[in-house]
Amino acid sequence: MALCVRALLGSAAARSLASPGRSLLPLRGRTLTLPGLRCASTVQQRVELKRRKALEGGGEKRTEAQHARGKLTARERVALLLDPDSFTELDMFVEHRCSDFGMEADHNKYPGDSVVTGHGRINGRLVYVFSQDFTVFGGSLSGAHAQKICKIMDQAMTVGAPVIGLNDSGGARIQEGVESLAGYADIFLRNVMASGVVPQISMIMGPCAGGAVYSPALTDFTFMVKDTSYLFITGPDVVKSVTNEDVTQEELGGAKTHTSVSGVAHRAFENDIDALLSLRDFFNFLPLSNKDPPPVTECHDPSDRLVPGLDTLVPFETTKAYDMLDIVHSIVDERDFFEIMPNYAKNIVVGFARMNGRTVGIVGNQPKVASGCLDINSSVKGARFVRFCDAFNIPIITFVDVPGFLPGTAQEYGGIIRHGAKLLYAFAEATVPKITIITRKAYGGAYDVMSSKHLRGDVNYAWPTAEVAVMGAKGAVQIIFRGKENQAEAEAEYVEKFANPFPAAVRGFVDDIIQPSTTRLRICRDLDVLASKKQTNPWKKHANIPL
Amino acid sequence: MLSVHASLRPRCYIISCHSQYSTVYDPHEKTFDKILIANRGEIACRVIKTCKKMGIKTVAVHSDVDSSAVHVKMADEAFCVGPAPTSKSYLNMDTIMEAIRQTGAQAVHPGYGFLSENKEFARRLAADGVSFIGPDTHAIQAMGDKIESKLIAKAAKVNTIPGFDGVVKVRVALLLHLSESLGSARGCTSDLLTVCESCSSEAADKSRTYILYYNCVCVFIQVLADKHGNALWLNERECSIQRRNQKVVEEAPSTFLDPVTRRAMGEQAVSLAKAVKYSSAGTVEFLVDSKKNFYFLEMNTRLQVEHPITECITGLDLVQQMIRVAKGYKLQHKQEDIPINGWAIESRVYAEDPYKSFGLPSIGRLSQYEEPLNLPGVRVDSGIQEGSDISIYYDPMISKLVTYGSTRAEALKKMEDALDNYVIRGVTHNIPLLREIIVHPRFISGDISTNFLPEVYPEGFKGHPLAAGEQRELLAAAAALHVAAQLRSQRFLGQQRVSSVPQERRNWELCVELDKGVHMLGGIKLNLNTGLSLCCKTQNLLLLSKLAASLNKLMPEKIPEDTSSILRSPMPGTVVAVSVKPGDTVAEGQEICVIEAMKMQNSMTAAKTAKVKSVHCTAGETVGEGDLLVELE
């Protein structure tokens, strides 16, 4: 504890905290004769006392209980997340204003209430943070708690800096009733206003239930900690009473559920420390706001590095799978790829990487899973990622190997038309640099969707293994030559005509057919050229994406 | 664009090697115009290299999955001989004969394995008037039959093991031979009974040799004979370090032989070769006991895997010699011309996990691959490149790493450096084990036997134990890398909005977790996720700042999955047999199913006595590593 105290306070305060009891009074020993000064000294004492109380959060016992759950305290988390000594805390003296149910009693007042807020730096770059303190009223959200969060969000918007929320809250402060609900709505409104202006990240590090879940849902990225975090509208007890389903907390809203089944969370981490340190790495990919360029870091990986392995990566048989991640890892800087939603809708791969030090968003069909087809989940996953990149000036690199949209009643009834349109919409609307590489199949409507030339793709490449066609040879021949004999011969003719990159290349729908091993070199060169790209969409109040 | 045109051309990857040949390739000596290589992988590449030097055109054969393999790219022509399984491609004589006819190849080099010791293949070639670069049918047949070969050997006054019959029991060795060996020694770690069982089941489709050695030294004498009755012995190879009866480390010469024994063995080998009218390169295998008594075991009528070490110490190019002999030329050398120059060591680099029974096959794609060819005295024979797939269909050998020095110590030192400089990512490989073998005091002293691995690592191979100095080195390196990475992550180019408050930190207090031990290094948290490699063992390190380290103690330990009731495939392969069905009760240790991968059958047994809950595999199915096979209750 002493360690993080040091980090959070000025060194003088820390020194005084380190020594016990009365030494807390820094002016002790001076002759305090003037009435005004005596008053100042009591204020000073009270300041120190309140600060000390704020730093203790819910007290030693609750801190121990928090640790016993495998969770860190709100302040420990902030200390780990931010650069040492960079945290500037705001509203340490804010207290809740509830006077019902005995809440007004002194022992029910905690300076700072159940959230720690402020700003600090991650690798030197500004960030606003709030960290809910489960040791104070179970981290429940009071009017004051909400007000603190709103304050830093408003500031973050005015200076243009990301907001990171570390969520660990039992829910609304029931004693406060509607004030608590109003607080949630105030936060939601700011989440929406900040959306697309500054990056917003939620890290769920404990419970987050009821209305509270909508704040993470509105932010750009929701991460979770395995085994210790939960997100749900209603807990298992209510579920049991309403639908008679037996379900555990973990099954209902644990990290595994939300990262692999529901798609609510974007990634899960092993524990608090892993989560916070990974969040620091992730933060380095993001620009500070929509007015800032994405960060450029020093790159130790030559931009003209050839990747000979790619020349043999796409298998000879068009039906055989390969791993799109192999391509991504070998092309990006230092094989460093931060995958978003790695366990959800695995037929599309999305995530952040760098090319010659510049942040890029990567989108790729994954032939290893469901042949890399587009379905409802993968379309939505891809669309949201593309829109984030577009909102924050991050160039998009798309690797295409898509046999089409997944057929079937489940998909049609589920609205694949509407959901597939989201991905189409997102790519079409995006004005950031867009580079597309067709590695193998680009069939049918899915070809159009995947950042094609027709959707304002800036640079579209095909590998020699690419096939841009309405459909695979077999299906096409069955339609064109229905009832005719010599289907095999017709199929061979179709393959010769269409199962190659030339039909697209002769029409200029791909800009070049490149040797796979040169892909990294070409992308880096193009990004250099496209760095000054300026493109705007027509004025509109806002667009109307098919939600 | 010019660069694109150039890059679209099919590229030929020639993997250069530092050859130690002193042979002259006489461009005026008439030889074959075109040779077909009926093999794949490194040996096909090896043969093609010599052909190129001799000015011979080459034809590669390949299965469909191998269509972009290195040997295909290296050869002048390529011919697809069938689908992936070897029985349908590389062992498919019909399509290979068709390939010969269509390409007009005048001769066939069979490499090793596959059709190299198949007398039917040699006969069919002869019938078509195509030269077989190897011995003639008679020699293959005579030496292929375990009983006949020993009778011939006895007649040629070669020391044979006394009292042999179909199943041979010896003082030093227990041999279990099936007639008509295909040459590849097949290992089975399970008990003899299992071996017998699987032998009898396999004898039907393809016969193989099953040898169980017990603590003896295997010495191989390389012989070279022409069609004019001349024969030479080219010294010995020591190949005792084996796992699952497959060789791992070989060297030439042997530390075990003195010149007198060497000469005696060489002369007996030559007289055997002459007795069967042998022509081409071949290997005579002897068992040598501790009193340097030696006994003829068998003769391999092919070019052996480990031939490069003989080439290193003699300066001969054995493939060139085989081609010359097949063309009918007399040997160029006399026995007294054959030197022992220096020492050569060969390590077989396999895609396998050395921590599981000294090597369970692994498969995957070589995402990164760099051979240590920048070092002097290193030769790498490989048939793969970055991006190649190691598949379940073929031998999981990645390469043969050969180092050559004027003394054994020098060769060993070079091997150590070469192994340290070898970069293989994407598949699990046995370099950690190879490196431990060659620095082991017992190996260095030359105290080698076929039982070396089980004796030195009775508990199985656990990886290199870090000495105190090595640990300090590792921690220091980790800390330095971590600090460098941290400093770098704070530097942004052209970024206007980085704090103007100086960030520079001069003191770092670090805490490193290594093998559950915690080492304080002085000040902040560093997290290296990729692991560091020292002595070819990847060490997983967790670097944390002092603060993070103190908090890390509070993190709950994750409970690992209960594995006793779940049986997962330890490697990718094919399920050969499933011996249980749901509802059966199995006893601890009872066989549940058999997985075959590459050349090995693996018996999967129950970890506890229980009822079978569900079976997730069927015989004939292909499974990946970690796939669920059977669940117990």
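Numbered from 1 within each chain, the chains take letters A, B, ... in sequence-line order.
Between atom CG of residue A:Leu310 and atom OG of residue B:Ser367 there is a gap of 11.0 Å, rounded to the nearest 0.5 Å. How far CD of B:Gln490 is from CG of A:Asp83: 6.0 Å, rounded to the nearest 0.5 Å. With values rounded to the nearest 0.5 angstrom, A:Lys320 atom NZ is found 8.5 Å from B:Asp64 atom CG. With values rounded to the nearest 0.5 angstrom, A:Lys71 atom NZ is found 10.5 Å from B:Met555 atom CE. Put simply, CG on B:Leu554 and CD on A:Glu64 are 10.5 Å apart, with the number rounded to the nearest 0.5 Å.
Of the atoms belonging to B:Ser68, heavy atoms from both backbone and side chain fall under 4.5 Å from chain A. Looking at B:Glu557, there are no atoms closer than 4.5 Å to chain A (heavy atoms on both sides), in backbone or side chain. Proximity to chain B (any heavy atom under 4.5 Å) is shown, for A:His329, by neither the backbone nor the side chain. The contact between B:Arg491 and chain A is made by backbone and side chain atoms together, counting heavy-atom distances below 4.5 Å.
With salt bridges taken as basic N to acidic carboxylate O contacts below 4.0 Å, one links B:Arg488 and A:Glu334.
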Q: Give the C-alpha distance, both sets of side-chain angles, the deciding distance and a yes or no for side-chain contact (heavy atoms from CB on, under 4.5 Å) between B:Glu386 and A:Ser330.
A: CA-CA 11 Å; B:Glu386 190 168 304; A:Ser330 60; over 6 Å; no
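Applying the side chain to side chain contact (heavy atoms under 4.5 Å, CB included) test between B:Asn552 and each of A:Leu72, A:Leu80, A:Ile273 identifies A:Ile273 as the sole match.
Highest contact tally toward chain B, considering only A:Gly160, A:Ala161, A:Pro315, A:Ala68, is held by A:Gly160 [criterion: heavy-atom pairs under 4.5 Å].
The heavy-atom pair separating B:Ser489 from A:Asn284 by the smallest distance is O-ND2, 3.0 Å. The two atoms that bring B:Pro556 and A:Gly70 nearest to each other are CD-CA, 3.6 Å, heavy atoms only.
Side-chain contact between B:Phe492 and A:Thr297 is present, with heavy atoms from C-beta onward closer than 4.5 Å. Within the 4.5 Å cutoff, side-chain heavy atoms of A:Thr312 are placed close to those of B:Lys73.
In terms of the ring pair (Phe, Tyr, Trp, His ring centres under 6.0 Å) criterion, B:Phe79 has no residue partners (sequence neighbours excluded).
B:Arg365 places no side-chain N or O within 3.5 Å of a backbone atom of A:Leu313 that could act as its donor or acceptor partner.
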